[in-house]
Amino acid sequence: MKNKVIKGVLLSCVMSLLFACSPKKAETEAPVVDKEQIKAEIQAIENKFASVYTHRNADSLTYYADSAVSYFVGQEPIVGKDAIHQFILEELKDFPAGAKIINETLEVYVTDDGNNVAEIGAYKRVDSTGKILQNGHFFSFFAKRNGKYVCTRDMATAHATPE
């Protein structure tokens, strides 16, 4: 009986050591995020947003998430994609003929999984001769939804317009 107990204890110790000392399974590595590719993708989204003004086509607006909040220059926060769309429709009524907006993505900060991006950018609103009507900077926060980045929050500032 004593031998059976000793064998049982030894077997338990050996089994415990086997499981405790076995190599850990490799942890899944985070996907490699190509920051420059994401920056180019965000710049393309900004170009498309600017074309909404250039072509006066707010109906082509795909920039914002449904629950987005936008802080346009000099405005109270505008909540929701539909309200932002309506604001842009109103703003286009006074947008000068021949004018356009030029957005430039200056920096992006990407989460390790690539699903969220903070962007710092600059913009110019220029007339048909290239004269700057307004310029400034902006922050935009993007989330990847259904494989595409959409803006969830943005805020813009305006600098004094050069005379």
Over all atoms of both residues, closest heavy-atom pair of Thr111 and Val33: O-CG2, 4.0 Å

Closest non-hydrogen atom pair, Asn116 against Asp113: N-OD1, 4.3 Å

From [X] [atom1] over to [Y] [atom2], what is the distance, rounded to the nearest 0.5 angstrom?
X: Ile101; Y: Lys124; atom1: CD1; atom2: NZ; value: 13.0 Å
X: Asn103; Y: Ile42; atom1: CG; atom2: CD1; value: 12.0 Å
X: Ile45; Y: Thr105; atom1: CD1; atom2: OG1; value: 8.5 Å
X: Ile88; Y: Lys93; atom1: CD1; atom2: NZ; value: 14.0 Å

When you group the ILVMFWY residues by side-chain heavy-atom contacts below 4.5 Å and let the links chain together, are [Y] and [X] in the same group?
X: Tyr123; Y: Tyr64; value: no
X: Phe142; Y: Ile78; value: yes
X: Leu106; Y: Phe138; value: no

With a 4.5 Å cut-off on side-chain heavy atoms, are [Y] and [X] touching?
X: Arg145; Y: Thr152; value: yes
X: Asp59; Y: His85; value: yes
X: Val69; Y: Pro77; value: yes
X: Val52; Y: Asn57; value: no
X: Val117; Y: Glu41; value: no

Do any N or O atoms from the side chain of [X] and from the backbone of [Y] form a donor-acceptor pair under 3.5 angstrom?
X: Arg56; Y: Phe95; answer: yes
X: Ser51; Y: Lys48; answer: yes
X: Ser140; Y: Cys151; answer: no

is_close_aromatic(Tyr149, Phe141), centroid dist under 6.0 Å: no

Heavy atoms of other groups near [X] [atom1], more than 12 under 6.0 Å:
X: Lys144; atom1: NZ; answer: yes
X: Asn115; atom1: CG; answer: yes
X: Lys39; atom1: NZ; answer: yes

Lys35 to Tyr109, cation-pi by 6.0 Å centre distance and 45° axis angle: yes

Side-chain donor-acceptor contact under 3.5 Å, Tyr53 with Glu91: yes

Donor + acceptor pair across side chains of Gln43, Asn47 (<3.5 Å): yes

Full working for side-chain contact (heavy atoms from CB on, under 4.5 Å) between Val150 and Lys81: CA-CA 11 Å; Val150 289; Lys81 183 177 181 176; over 6 Å; no

Mutual orientation of the aromatic rings belonging to Phe87 and Phe72 [parallel < 30°, tilted 30-60°, perpendicular > 60°]: tilted

Mutual orientation of the aromatic rings belonging to His137 and His159 [parallel < 30°, tilted 30-60°, perpendicular > 60°]: perpendicular

Check against side-chain contact (heavy atoms from CB on, under 4.5 Å), Ile84 and Tyr63: CA-CA 10 Å; Ile84 296 168; Tyr63 186 84; over 6 Å; no

